[in-house]
Amino acid sequence: MMTRRAFIELKGIFITNSLTTTPLSSPQLGLQSTLLASLLHSTSFSNNGDRLLHSTSFSNIGDRPLSRYQKVTSLDHAFNLFDEMIQRRPLPSVVKFNQLLNSVAKMKHFSSSLHLFKQMCLIGVPVNEYSISIAIKCCCQMSRTNDGFALLASCFRRAVVPNVFVFSTLLDGLVLEDRIIEAERLFKKLIKQKLCEPDVVMYSTMIKGLCKFGNNDIAIGLLRLMDERGCEPNVVVYSTIIDSLCKDKLIDDAFNLFKEMVFHKGILPDVITYTSLIHGLCNLGRWGEVYKLLKEMEDVRISPDLQTFNMLVDAFCKDGKVNEAEAVIDIMVERGEAPDIVTYSSLIDGYCLRGEMIKARTLFDSLTFKGLVPNVVTYSSLLNGYCKSLKIEEAMHLFHEITRKGLKPDIVSYSAMLQGLFRVGRCGAARKLFDEMRSQGLIPNECTYRIILAGLCNNHQVEDVLYLFHLVGDSKLNTDIQVYNILIDGMSKCGKLDIARDLFQDLTLKGLKPNVRTYTVMVSGLCREGMLEEAKHLFHRMDESGCPPNSVTYNVLLQGYLKNQNSDDVEMLLEEMDGRRYSVDASTLSMLIEKIAAGSVDRSMLKLIGKLVPKEMMDTTAVPR
DNA sequence: ATAGGGTTAG
């Protein structure tokens, strides 16, 4: 392994500085270096060390060695062993069969495991609640929870009394299939009819289900209830809710629950708890606190694991901070945590996001060399990148490669490809691809639907858009403000402002609330048709509706005024933008300059305009001073 | 002497 010194030298002066000066409080050092420093300092308890410690001394104390039924390494191996077992007389104990069943399930060969279970029943092995819960788990993992319930029935036939393990597995199956109502019903029935007393795992499963459907408050209610009923919540229960709060951007609530767990309950957080919290902070762009929490992990001797690192790489990439993402990967390598396909897929996506397609491609091509196999996610990241940079032939080629490599393009790959085809105006090809997708049994999701609507709009296929929209009717797909935003924008760009207006009226009837984008596209549509008064009126309605205009709305209205020579309004709007600390975008700025040159906007506004130009733009644009 | 729950990528 590379020594730390060599690593630092390799990384160059930048990191050496951050380690030799005082990195943590020094403001001129960027986040990258502080994060790096934080993680580099923690090598004393690196994952390597941890692994060594656990495997050699502590964790094996009291552990029994695995039996050979738990050590199967392949499906073939498992089936051979099973065949040998059923020929022995007397038959091996059910315990040994269960161990085999479980190892096959752990390899995610659920249908094989289930097959073996059925063989056991046929042969007359006296299956018990262990066997049945493994079999039910296999059904549930394959989204066949109903088959799991059928097995429950066979439980009774075999005089096996289903226990809390069996019911928890079924409950989890319902949650996995989004059957939350049935999950709640089952959970209540189990308690009411005293079929089993829920334990901490069953509570956590129910809590996970509630969180999944956005019922954080009810989930917390259940947390309180389990406590009252004498079932102590543990780190899993707390982490489930903390993660859900983080995903809903309720980071303060998440931290409050975290503090309650630690300080009131004395429950220690683990790497998953921290990963969830850090993820939440990353999503809010609160990098300073991300660093603090990483430091805290270090202090409490909890090492970030592969998933923590992958989450960080991904979060940096999503925020355009590719350098930081690369630095995290270097640290992973240095700490013996091998980056996997998830790590690199995120990085490829990060490159694509910045239009760095050469880098993305080079990395993609180097994966095989690293011993990693690209999967559908990897492919669709790169494919999406090509589509976004209008390299449609490259994208198409990659799309076909997915199948050639023995993978199946899924709904996301198809959606990305569709978006690309629409973007270059190849509606016919998009149509063909859509039909192919359907023939593969893939069902369009909300995202696919929005891509198609937007694609048709941008290609002025007004009739097709409206046909599709009405065809979908009042379903869930159309109960989405984003769909309306696309349609309102699309219709007004196609010169159908009347339709756009009607849509804007109708969305409220469906119980939808217009958001900033809805107002902005409507204002933009009105400006396009020169209906400045109505645009202005709508613009003012935004504040009253508790949906204040953002920078984009201001720019849109400003361009409307400029096009229609409303000089006084222009000045007033610029003043307001200054007051709200908004800035002008590149296209508005060039329009302003153009109008000043033409004499339709007074030069006296130059000073104000200068204040509204963001710093980044100063370097690249000729700004009047 | 065997079974169930929480974190990462398009």
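Just so it is clear, the structure is predicted and the values come from calculations on it, not from any experiment.
- Looking at A:Y344, A:F369, A:Y379, A:Y351 one by one, the single match for ring-ring contact (aromatic ring centres under 6.0 Å, His included) with A:F364 turns out to be A:Y379.
- Against DNA chain B, the stretch residues 241-262 of chain A makes heavy-atom approaches under 4.0 Å through A:D243, A:K247.
- Within 4.0 Å of A:M202, counting heavy atoms only, lies at least one base atom of the nucleic acid.
- The residues A:D172 and A:K137 are annotated as not salt-bridged, no charged nitrogen and carboxylate oxygen being separated by less than 4.0 angstrom.
- Rounded to whole Å, the distance from CG on A:L151 to C1' on B:dA3 is 14 Å.
- Nearest to the side-chain atoms of A:D305 among the listed nucleotides B:dT7, B:dT8, B:dG5 stands B:dT7.
- Among the protein residues, A:T273 comes within range of the nucleic acid bases, having at least one heavy atom under 4.0 Å from a base atom.
- Interface residues of residues 381-410 of chain A facing DNA chain B, ordered by number: A:S381, A:D410; criterion, heavy-atom separation under 4.0 Å.
- In this pair, A:F399 and A:Y414 present their aromatic rings perpendicular. The plane angle is above 60°, beyond the 30 to 60° band.
- Rounded to the nearest 0.5 Å, atoms CG (A:N384) and CG (A:L398) are 11.0 Å apart.
- Remark: of the listed residues A:Y274, A:Y238, A:F263, A:Y274 is the sole one forming a ring-ring contact (aromatic ring centres under 6.0 Å, His included) with A:F258.
- When the nucleotides B:dG5, B:dG4, B:dA9 are ranked by their closest atom to the side chain of A:V236, B:dG5 comes out on top.
- Within the 4.0 angstrom heavy-atom criterion, no nucleotide atom of any strand lies near A:K212.
- Between A:R335 and A:E337 there is no salt bridge, since none of the side-chain N atoms of the basic residue sits less than 4.0 Å from a carboxylate O of the acidic one.
- Within 3.5 Å, a donor on the side chain of A:S413 pairs with an acceptor on the base of B:dG10, or the reverse.
- At a cut-off of 3.5 angstrom, counting only N and O atoms as typed in the model, there is no donor on one side facing an acceptor on the other between the side-chain of A:T240 and the base of B:dG6.
- In the set B:dG6, B:dG4, B:dA9, B:dG4 carries the atom at the smallest distance from any side-chain atom of A:K137.
- Note on A:K208: a side-chain N or O is less than 4.0 Å away from OP1 or OP2 of B:dG6.
- Atom OH in A:Y274 sits about 14 Å away from atom C1' in B:dT7, given to the nearest Å.
- In this model, a side-chain donor or acceptor of A:S380 finds a partner on the base of B:dG10 within 3.5 Å.
- Salt bridge status for A:E84 with A:K96: absent, with no side-chain N to carboxylate O gap under 4.0 Å.
- A:V166 comes within 4.0 angstrom of nothing in the nucleic acid, heavy atoms only.
- Atom CG in A:L174 sits roughly 15 Å away from atom C1' in B:dG5 (whole-Å rounding).
- A:L171 places its CG atom 20 Å from the P atom of B:dA3, with the value rounded to the nearest Å.
- A:V200 comes within contact range of at least one nucleobase, with a heavy-atom separation under 4.0 Å.
- Here A:T343 lies out of heavy-atom contact (under 4.0 Å) with every strand.
- Without hydrogens or angle criteria, A:S389 side chain to A:K391 main chain gives no donor-acceptor distance under 3.5 Å.
- No hydrogens or angles were tested; on distance alone, a donor-acceptor pair under 3.5 Å links the side chain of A:S133 to the base of B:dA3.
- Listed by first and then second residue, the side-chain hydrogen bond (donor to acceptor under 3.5 Å, both in side chains) pairs involving residues 146-156 of chain A are A:R144-A:D147, A:N146-A:R179 (not counting sequence neighbours).
- Distances from the side chain of A:E129 to the nucleotides B:dG10, B:dA1, B:dA3 place B:dA3 closest.
- Put simply, the side chain of A:N375 and the base of B:dA9 share a donor and an acceptor less than 3.5 Å apart.
- Side chain of A:E129 to main chain of A:N163: no donor-acceptor pair is present (N/O by atom type, distance under 3.5 Å, no hydrogens or angles).
- Between the side chain of A:N163 and the base of B:dA3, at least one donor-acceptor pair of N or O atoms lies under 3.5 Å.
- Nearest nucleotide to the A:S276 side chain, out of B:dG6, B:dT7, B:dT8: B:dT7.
- Rounded to whole Å, the distance from OH on A:Y238 to P on B:dG5 is 21 Å.
- Few gaps surround CG on A:L195; more than 12 heavy atoms of other groups in view lie less than 6.0 Å from it.
- One can find a donor-acceptor pair under 3.5 Å joining the base of B:dG5 and the side-chain atoms of A:S204.
- OP1 or OP2 of B:dG10 sits under 4.0 Å from a side-chain N or O of A:K318.
- For A:N102, a side-chain nitrogen or oxygen approaches OP1 or OP2 of B:dA3 to under 4.0 Å.
- Out of B:dT8, B:dG4, B:dA9, the shortest distance to the side chain of A:I341 is found at B:dA9.
- Between A:E289 and A:R286, at least one side-chain N (NZ, or NE/NH1/NH2) sits under 4.0 Å from a carboxylate O, which counts as a salt bridge.
- Taking atom CD on A:Q70 and atom C1' on B:dT2, their separation rounds to 7 Å, with Å as the unit.
- The distance between atom CZ of A:F165 and atom C1' of B:dG4, rounded to the nearest whole Å, is 6 Å.
- Among B:dG5, B:dG4, B:dT8, the nucleotide with an atom closest to any side-chain atom of A:T205 is B:dG5.
- Look at CZ on A:F316: it is 16 Å from C1' on B:dA9, rounded to the nearest Å.
- For A:Q99, taking side-chain heavy atoms from C-beta onward, the closest of the listed nucleotides B:dT8, B:dA1, B:dG6 is B:dA1.
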